[in-house]
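What follows is a single structure, written as structure tokens, with notes after it.
Letters A, B, ... are given to chains in the order of the sequence lines, protein chains preceding strands, and every chain is numbered from 1.
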There are 2 protein chains.
Amino acid sequence: MGQSIEIEQAAGLLKLLGDKTRLTMLRILIEQDCCCVCEFVEMFEASQPAISQHLRKLRDAGLVKENRRGQWMFYSFNQQYEYADYVHLLLKELPSQAEKLGKRISCD
Amino acid sequence: MGQSIEIEQAAGLLKLLGDKTRLTMLRILIEQDCCCVCEFVEMFEASQPAISQHLRKLRDAGLVKENRRGQWMFYSFNQQYEYADYVHLLLKELPSQAEKLGKRISCD
DNA sequence: TCAATATATAACAATATGCTTATATACGCA
DNA sequence: TGCGTATATAAGCATATTGTTATATATTGA
């Protein structure tokens, strides 16, 4: 059950979502169970540290959780996030980014 | 009728909303017809230039429109904004900020 | 026309953000 | 244990953002 969100917390959340890479990551994660870092790196044609840093911000805010499987780290949307309902509300209005995943690399 | 929003435009919009002052302004403007600059200045206990600059960003993005009445400039939410529906969706989940207005200064 | 008020803009400084490169850490496997 | 792969972190740099101060513009009313 999500909490109703105060304006200050909403501003911080929206700021975090106000980045194309992070927003796309989250849009993907609400329709895709989880992704490993290497998938994001390929998808965004970005450097590995850049992706890791975005993921850390999302994780520090509680929006995603990480799960190690062997040497791969998988990230998924954190349904326990306090304002998960609100985030869903925002994300589901955005077009699916599933095609960005392309042929999924099988990391596992 | 609002347009469906692409991810890149959504990111830019959310970035703009990801500021406490601007987010609060907009939250007020969806329940309050319009506000003049001096009301915002008092409400946020911010400097007049700071408020003007926030309003300009919102106006440049098309989120608010301005209307002069004598020496006062009134700002209101722009219902014609391409993604007005989306913005409404986000804002209506936030607590009303009407009390922030306090006793409204009558500028007109 | 001039002064007062409201607002906008410009220039600058402080801070935040996001990337890069380099390096550290964690894991699997030989 | 040692190497290769995946990921995280740190440091530094370039750019963006936001506020401040100073000034410009617009409007009203004497």
Exercise for review: Using the six-membered ring wherever Trp is involved, compare the ring planes of A/Y81 and A/Y83 and label them parallel, tilted or perpendicular (cut-offs 30° and 60°).
Suggested key: perpendicular
Check your understanding: So, is A/H54 near the phosphate of C/dT17, with a side-chain N or O under 4.0 Å from OP1 or OP2?
Key -> no
Exercise for review: Name the nucleic acid region contacted by B/Y75, choosing base, sugar-phosphate or nothing; use a 4.0 angstrom heavy-atom cut-off, strictly under.
Suggested key: sugar-phosphate
**Study point:** Polar side-chain atom of B/N78 near backbone of B/G62 as donor-acceptor pair, under 3.5 Å
**Key:** yes
Practice item. Take the protein atom CD of A/E45 and the nucleotide atom P of C/dC19, then report the distance between them rounded to whole Å. Key: 14 Å
**Study point:** Nearest-nucleotide pick for B/K15, side chain only, options being C/dT7, D/dT17, C/dC19
**Key:** D/dT17
Exercise for review: Send over the distance from B/L55 CG to C/dT7 P, rounded to a whole Å.
Suggested key: 10 Å
Revision key, fill the gap. Separation of D/dA6 atom P from A/F40 atom CZ, nearest Å, is 16 Å
Within the sub-3.5 Å range, which N or O atoms of nucleotides 9-14 of chain D have a protein N or O partner, and how far apart are they?
from   : atom 1 : to    : atom 2 : distance (Å)
D/dT9  : OP2    : A/R56 : NE     : 3.4
D/dA10 : N6     : A/Q53 : NE2    : 3.2

Exercise for review: Grab the CD-P distance between B/E66 and C/dA6 for me, whole Å please.
Suggested key: 18 Å
Practice item. Take atom CG of B/D60 and atom P of D/dT17, then tell me their distance rounded to the nearest Å. Key: 13 Å
**Study point:** Rounded interatomic separation in angstrom, taking CD from B/E42 and C1' from C/dT7
**Key:** 16 Å
Check your understanding: Are any side-chain N or O atoms of B/R68 and backbone N or O atoms of B/M73, one a donor and one an acceptor, separated by less than 3.5 Å?
Key -> no
Point to revise | Backbone of B/F74 reached by a side-chain donor or acceptor of B/E39 within 3.5 Å | key: no
Review point. Think B/S47 has a side-chain N or O under 4.0 angstrom from the OP1 or OP2 of D/dT20?
Key: yes
Review point. Any side-chain heavy atom of A/S96 within less than 4.5 Å of one from A/E31?
Key: yes
Close N or O pairs between protein and nucleotides 25-30 of chain C (under 3.5 Å):
none

Practice item. Would you check if there is a donor-acceptor pair between the side chains of A/E66 and A/Y75 at a distance under 3.5 Å? Key: yes
Review point. For C/dT17, does either OP1 or OP2 sit under 4.0 Å from a side-chain N or O belonging to A/K57?
Key: no
Check your understanding: Rounded to the nearest 0.5 Å, how far does CG of A/L23 lie from CD of A/Q97?
Key -> 8.0 Å
Identify all side-chain donor-acceptor contacts of residues 10-22 of chain B below 3.5 Å with residues at least two apart in sequence or on another chain.
from  : atom 1 : to    : atom 2 : distance (Å)
B/D19 : OD1    : B/T21 : N      : 3.0
B/D19 : OD1    : B/R22 : N      : 3.0
B/K20 : NZ     : A/E8  : OE1    : 3.2
B/R22 : NE     : B/L16 : O      : 2.8
B/R22 : NH1    : B/H54 : ND1    : 3.0
B/R22 : NH2    : B/L16 : O      : 3.4

Exercise for review: Mind calculating the distance between CG (A/N67) and P (D/dA8) to the nearest angstrom?
Suggested key: 12 Å
Review point. Between B/L55 and B/F40, is a side-chain contact (heavy atoms from CB on, under 4.5 Å) present by the stated rule, with each step listed?
Key: CA-CA 10 Å; B/L55 286 167; B/F40 284 129; 4.1 Å; yes
Review point. When all nucleic acid strands are considered with a 4.0 Å heavy-atom cut-off, which category describes B/K20: base, sugar-phosphate, or nothing?
Key: nothing
**Study point:** Spacing of B/W72 atom CH2 relative to D/dG29 atom C1', expressed in whole Å
**Key:** 11 Å
